[in-house]
Structures are given as structure tokens and as C-alpha cells.
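For reference, the structure discussed in these notes is given below.
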Number of protein chains: 2
Amino acid sequence: MRQGIPDATVARLPVYLRALTTLAEDGTATVSSEELAAAAGVGSAKLRKDLSHLGSYGTRGVGYEVEYLVYQISRELGLTQDWRVVIVGVGNLGHALANYGGFVSRGFTVAALLDADDRIVGETVGGLVVRPVDDLEEVVADQGVHIGVVATPAPAAQDVCDRLVAAGVTSVLNFAPVVLLVPDTVMVRKVDLSTELQILAFHEQRQVANRLSVDVPARVVALEPDGGTGRAGVSP
Amino acid sequence: MRQGIPDATVARLPVYLRALTTLAEDGTATVSSEELAAAAGVGSAKLRKDLSHLGSYGTRGVGYEVEYLVYQISRELGLTQDWRVVIVGVGNLGHALANYGGFVSRGFTVAALLDADDRIVGETVGGLVVRPVDDLEEVVADQGVHIGVVATPAPAAQDVCDRLVAAGVTSVLNFAPVVLLVPDTVMVRKVDLSTELQILAFHEQRQVANRLSVDVPARVVALEPDGGTGRAGVSP
DNA sequence: AGGCACTTGTGAACGGGTGCACAAAGTTGA
DNA sequence: TCAACTTTGTGCACCCGTTCACAAGTGCCT
Ligand SMILES: NC(=O)c1ccc[n+]([C@@H]2O[C@H](COP(=O)([O-])OP(=O)(O)OC[C@H]3O[C@@H](n4cnc5c(N)ncnc54)[C@H](O)[C@@H]3O)[C@@H](O)[C@H]2O)c1
Ligand SMILES: NC(=O)c1ccc[n+]([C@@H]2O[C@H](COP(=O)([O-])OP(=O)(O)OC[C@H]3O[C@@H](n4cnc5c(N)ncnc54)[C@H](O)[C@@H]3O)[C@@H](O)[C@H]2O)c1
């Protein structure tokens with residue numbers, strides 16, 4: 001158990017946590033792995049193995065005490081302390097993020113909003129006054145910021161990220177559609193809408209192909225516009 | 001190569017595609033796997049293996065022709081056809097999504113915006129008039145919508161999702177912090193800001209722990225407030 | 001007390017993905 | 001034409017994560 005929870009498990013803990021808090025609000029005192037797994041959309045075996053990485057927090061024959069498990073997962077994720085976040089780029093997306101209540105709900109505080117555009121600087125968004133991006137280093141240092149959120153256009157993202165890292169930020173959440181280069185002491189996570197849509201498109205397409213193949217099995221290979229392969233031999 | 005590209009590969013293709021279009025804009029005609037891998041933030045061996053699932057589209061000793069590879073990846077992802085998307089819930093996030101240019105940029109068209117709030121219905125956002133959510137079934141049928149984006153508050157999400165599925169949508173992108181239940185013919189992908197932040201928080205915390213352990217290696221295990229378990233046959 | 005029903009925690013088999021290392025294939029230059 | 005160099009495509013070994021299956025606990029009922 002000790003020493004190193006698998007990344008795949010860490011990525012699921014927040015999901016369990018959400019399911020557990022929902023259960024807690026409904027007044028549920030204990031859950032079995034089966035029930036919690038269903039609520040979290042995973043298999044029960046996987047859930048149990050995941051939780052076993054944290055310790056033995058269940059009771060055989062009974063299940064898990066909801067509140068206790070919430071505390072244990074919160075502690076493991078580091079949610080018992082408050083993490084300060086700075087949002088850089090207060091455009092469409094930055095506005096939405098700044099106004100998002102779920103942000104503060106669990107251990108995250110927006111320390112500042114930064115933007116390069118004079119027309120936006122000074123505006124109040126989500127209860128905070130937008131400050132000029134030149135204040136970045138000052139804000140990070142004074143406010144003890146841990147996490148930087150990059151919501152600028154793609155061309156500015158690497159530059160902003162570099163400044164965040166130089167100022168001491170070691171975790172970055174990136175919404176811009178670029179691969180940010182950082183020293184390996186820094187962790188970057190990327191949220192990319194286009195990527196998600198393209199993955200969905202792939203599966204849509206595949207599903208259409210499958211649907212057709214049920215009707216006309218023999219033709220399925222011929223579906224591709226021009227054989228594709230036509231080339232490959234190349235070099236005409 | 002034929003018959004089934006690994007999921008892990010599919011998830012990376014959009015990243016390669018983005019890197020390639022950037023290169024194309026810069027006027028680059030060919031790239032080696034090494035260069036492209038660097039631009040995409042992966043190892044070159046992984047990149048080559050990924051591309052090999054699509055076919056043999058490179059030239060040994062030279063690399064890959066950028067435009068040709070863009071076309072092949074686009075075709076594989078199904079981006080040569082236009083996918084129609086409906087956004088349900090035009091609040092903070094829905095506004096941002098509707099105004100997002102990168103949406104349309106590659107094969108995705110926002111067919112309609114839907115909301116349940118009378119004060120928002122009728123408003124024009126991103127060039128589209130927001131329609132009442134009661135039009136959902138009609139919109140999906142008439143516009144031939146393939147992909148549904150759920151940007152409503154959590155309590156409404158499952159209901160909206162059910163209606164989308166019933167109306168014939170087979171791909172859903174969910175921004176609400178709930179696990180959507182769907183028949184297994186439908187694919188759901190979830191974008192969850194809180195999850196991302198919590199994962200970052202975990203690594204922040206771990207990094208802090210490591211930093212301390214450099215200073216006081218012997219104490220690191222003792223850092224935990226109170227062993228918690230009481231149980232756990234473990235521990236010195 | 002003892003048997004029964006239930007649930008956790010985990011060893012072990014399995015499967016998919018990653019990275020290495022290299023032969024095959026192509027280019028360049030003499 | 002040939003040799004030196006570059007780069008792809010892939011067989012293979014390895015590793016991480018998932019899934020199965022069950023022994024070991026726990027509570028309840030008789
Ligand atoms: N809007 C969406 O739904 C959406 C979805 C996915 C990804 N994204 C990405 O998120 C990013 C932001 O999107 P958006 O729609 O909010 O764009 P936007 O143009 O509305 O906002 C960008 C903001 O960043 C500011 N900015 C520009 N350069 C800056 C700098 N160097 N330092 C600080 N601030 C700077 C601009 O002044 C502007 O206010 C983009 O990279 C976009 O591709 C947006
Ligand atoms: N704002 C963010 O940055 C952000 C980030 C991550 C996740 N989210 C999630 O995205 C969702 C939307 O967030 P938001 O900030 O835009 O919330 P919001 O309250 O601003 O917007 C929600 C919109 O959905 C509409 N709506 C409610 N019920 C509906 C229904 N049944 N059918 C159609 N429309 C309905 C409301 O009228 C409102 O306009 C939430 O679930 C939130 O947790 C938001």
C-alpha cells in the first residue's frame with residue numbers, strides 16, 4: 001500500500017469522492033464496493049483494488065463508512081489544505097472558470113485573475129478584479145500560488161507557462177491547444193475540447209461503418225473513398 | 001494495420017494532427033518521426049507505432065510528408081465529413097463553448113444551442129439563437145445531430161443525456177460532474193475540471209512531501225497525522 | 001455457539017501499451 | 001554503381017493496469 005499510488009488510481013479517486021459526497025448528502029452511512037462502483041461507473045474489483053492502495057478502510061461483510069472514506073480520500077488527494085490557483089487569460093473560457101462555483105467547493109481558491117488586454121483588466125469577474133498579466137510574478141509570490149490555469153490563446157500559452165514556472169508554480173492546467181514544454185519537476189495537465197470531439201468523431205464514424213457492414217458485409221472494405229492504398233506503393 | 005486502432009493511439013491522433021497543421025502553416029513539407037514526436041510531446045518510437053496502425057505513410061530515410069499525413073489522419077478520425085453538434089445548457093460554460101472558434105475549425109458545426117431558462121432562450125450567442133430545450137428531439141432529428149454536448153448543472157445532466165440518446169445521439173461530451181448512464185451503444189466522454197485540479201493537488205502534495213523528505217528523510221513516514229487506521233498490521 | 005450470508009482485500013492470470021533495438025528501405029554524394 | 005548515412009516499420013521483451021476468483025473477516029439469526 002504505502003509508497004506510490006498508481007496514476008490510474010489517482011485519476012479515479014476524485015470520481016469516487018464525488019460519488020461518496022453525493023451519497024453522504026443523501027444520508028447514506030455505508031456503501032458496499034458494488035454500490036459505490038456502480039455510482040462511479042467502474043467495476044467493483046477495480047474500485048476495491050484502488051481503495052486498497054490507500055489502506056484497509058472497509059469492513060468485511062459491511063462495506064465502507066461513507067464519511068470516513070471521504071476523509072481518507074480527501075486526505076490522500078491533499079484536499080485537506082487549500083490550494084491557491086491563478087487563472088491567466090480571462091476571455092470566454094476564463095470568465096466561465098472564474099464564475100464556476102465548483103472551483104471553490106473543494107479546497108481550491110482562486111487567488112487572482114490575470115489578463116493582457118487593457119479592456120479586461122480592472123473588470124470584476126466572479127468577485128475578483130482582473131489584474132494585468134505583468135503582476136504574474138508578484139501574485140504567485142505574494143499569494144503563495146500553487147496551480148496555474150492557462151486560458152489564453154494558443155500563441156501566448158507557452159510564454160505564460162514559462163513565466164508561471166519561473167515564478168515557482170509546479171502544476172499547470174492548460175486549456176490552450178498546444179503542448180507545453182516544462183521542466184520535469186512541473187506537472188502539466190491538458191484539457192482539450194477539440195481532442196475530445198475528434199475522439200468522439202472517430203467512434204461515430206466507426207459506428208456508422210459497423211452499421212453499414214451489418215447491411216452489406218461484403219462491401220465494407222470498399223467503403224473507403226479511393227482504396228487509400230492506391231498510393232503507398234507511391235512514387236508515381 | 002487494418003481492423004481496429006488501439007484506443008490509446010486514437011486518443012493521440014488529434015495531438016499529432018494539431019502538431020502537423022502547425023508545421024504545415026509554417027511551411028514545413030516533411031517531418032521525421034523524431035521532430036514530430038517532439039512537437040507532440042511523445043517518444044518517437046510511440047509515434048511511429050501509432051502511425052503504423054494507419055498504414056505505411058512515411059518514406060524511409062526522409063520522414064513523413066506533412067500534408068499527406070494530415071489528410072490520412074483526418075480521414076481516419078472521420079474529419080473529412082462534417083459532424084453536427086448540439087450544445088445543451090447555455091450558461092457560463094455553454095457561452096464559452098458557443099463562442100469558441102476552434103469548434104468549427106475542423107469538421108464540427110454547432111447545429112443548435114438549447115437551454116431551459118426563458119431568460120436565455122431567444123438570446124443570440126455565437127451567431128445562433130438559443131432555442132428552448134423542448135426542441136431537443138426536433139433539432140436532433142431535423143439537423144441530423146451526431147454529437148451532444150451537456151453543459152447543464154449536474155442535476156439536469158442525466159435527464160438531458162437520456163433525451164439526447166432517445167433522440168438518436170450516439171456520442172456525448174459531458175461537462176457536468178456526474179457519471180452519465182447510457183446504453184453501451186452510446187459513447188460518453190467527460191471533461192471534469194475538478195478532477196483535473198484534484199489530480200494536480202495530489203502531485204503538488206506529493207512533491208511537497210518529497211521536498212521535505214530530502215531534508216528529513218527519516219521522518220517521512222511519520223508525516224501522516226495519526227496513522228489513521230489503527231489497524232494495518234504494517235508499520236514499524 | 002454455530003452456521004449462514006455477505007463483503008473486503010489480494011494473489012495470480014491476463015491483456016494492452018510502451019520502449020528498445022534493428023533490419024529493411026530509401027537518399028545522398030562520390 | 002556503390003558505400004555511407006538517414007529514417008521508417010516492427011518483432012520482442014517488459015511493465016502497468018485490469019479482471020477473476022477466493023480465502024479471510026464480519027455481522028446476524030437461530
Ligand atoms: N472557449 C472555449 O470554449 C474553449 C474551449 C477549448 C479550448 N479553448 C482554448 O482556451 C483558450 C482561451 O479561449 P477563449 O475562448 O477564452 O479565448 P479568448 O480570446 O476569449 O480569451 C483569451 C484571453 O486571453 C487574454 N490573453 C491573450 N494573451 C495573453 C497573455 N499573454 N497573457 C495573459 N492573457 C492573455 C486575452 O486578452 C483574452 O482575454 C484558447 O487557447 C482556446 O483555444 C477555449
Ligand atoms: N463554468 C465552468 O468553468 C465549469 C467548469 C467545469 C464544469 N462545469 C460544469 O458545467 C456545467 C455548466 O456550468 P455553468 O457554469 O455553465 O453553469 P450555469 O448555471 O452558468 O449554466 C447552466 C445552464 O444550463 C441551463 N439548464 C438548466 N437545466 C437545464 C435543462 N434541463 N435543460 C437545458 N438547459 C438547462 C440553465 O438555464 C443554465 O443556463 C455544470 O454542471 C458545471 O458543474 C462548469
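Chain letters run A, B, ... following the sequence lines, proteins first, then strands; residues in each count from 1.
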Can you tell me if [X] and [Y] form a side-chain donor-acceptor pair at under 3.5 Å?
{"X": "A:Glu204", "Y": "B:Ser171", "result": "yes"}
{"X": "B:Arg75", "Y": "B:Thr80", "result": "no"}
{"X": "B:Arg84", "Y": "B:Thr109", "result": "no"}

Phosphate OP1/OP2 of D:dT7 contacted by B:Ser32 side-chain N/O (<4.0 Å):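 B:Ser32 to D:dT7 OP1/OP2: no side-chain N or O under 4.0 Å.
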Of the listed nucleotides ([options]), which one gets closest to any side-chain atom of [X]?
{"X": "B:Ser52", "options": "C:dG17, C:dT10, D:dG9", "value": "D:dG9"}
{"X": "B:Ala8", "options": "C:dT18, D:dT18, C:dT8", "value": "C:dT18"}
{"X": "B:Tyr64", "options": "C:dG17, D:dG9, C:dG9", "value": "D:dG9"}
{"X": "B:Asp7", "options": "C:dC20, C:dT8, C:dG17", "value": "C:dG17"}
{"X": "A:Arg60", "options": "D:dT7, C:dA21, D:dA24", "value": "D:dA24"}
{"X": "A:Thr59", "options": "D:dT7, D:dT26, C:dT8", "value": "D:dT26"}

Hey, does B:Leu20 have a side-chain heavy atom less than 4.5 Å from the side chain of B:Glu67?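 Not in contact.
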Is there a donor N/O on one and an acceptor N/O on the other, under 3.5 Å, for the side chain of B:Lys49 and the base of C:dG19?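 Present.
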Atom CG of A:Leu69 to atom C1' of C:dT7: distance rounded to whole Å?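 After rounding, the gap between these two atoms is 15 Å.
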In whole angstrom, what separates B:Leu54's CG from D:dG9's P?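 Result: 10 Å.
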Just to be sure I understand the rule, does B:Gly43 reach a base, reach only the sugar-phosphate, or reach nothing, if contact means heavy atoms closer than 4.0 Å?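 The residue B:Gly43 makes no contact with any strand.
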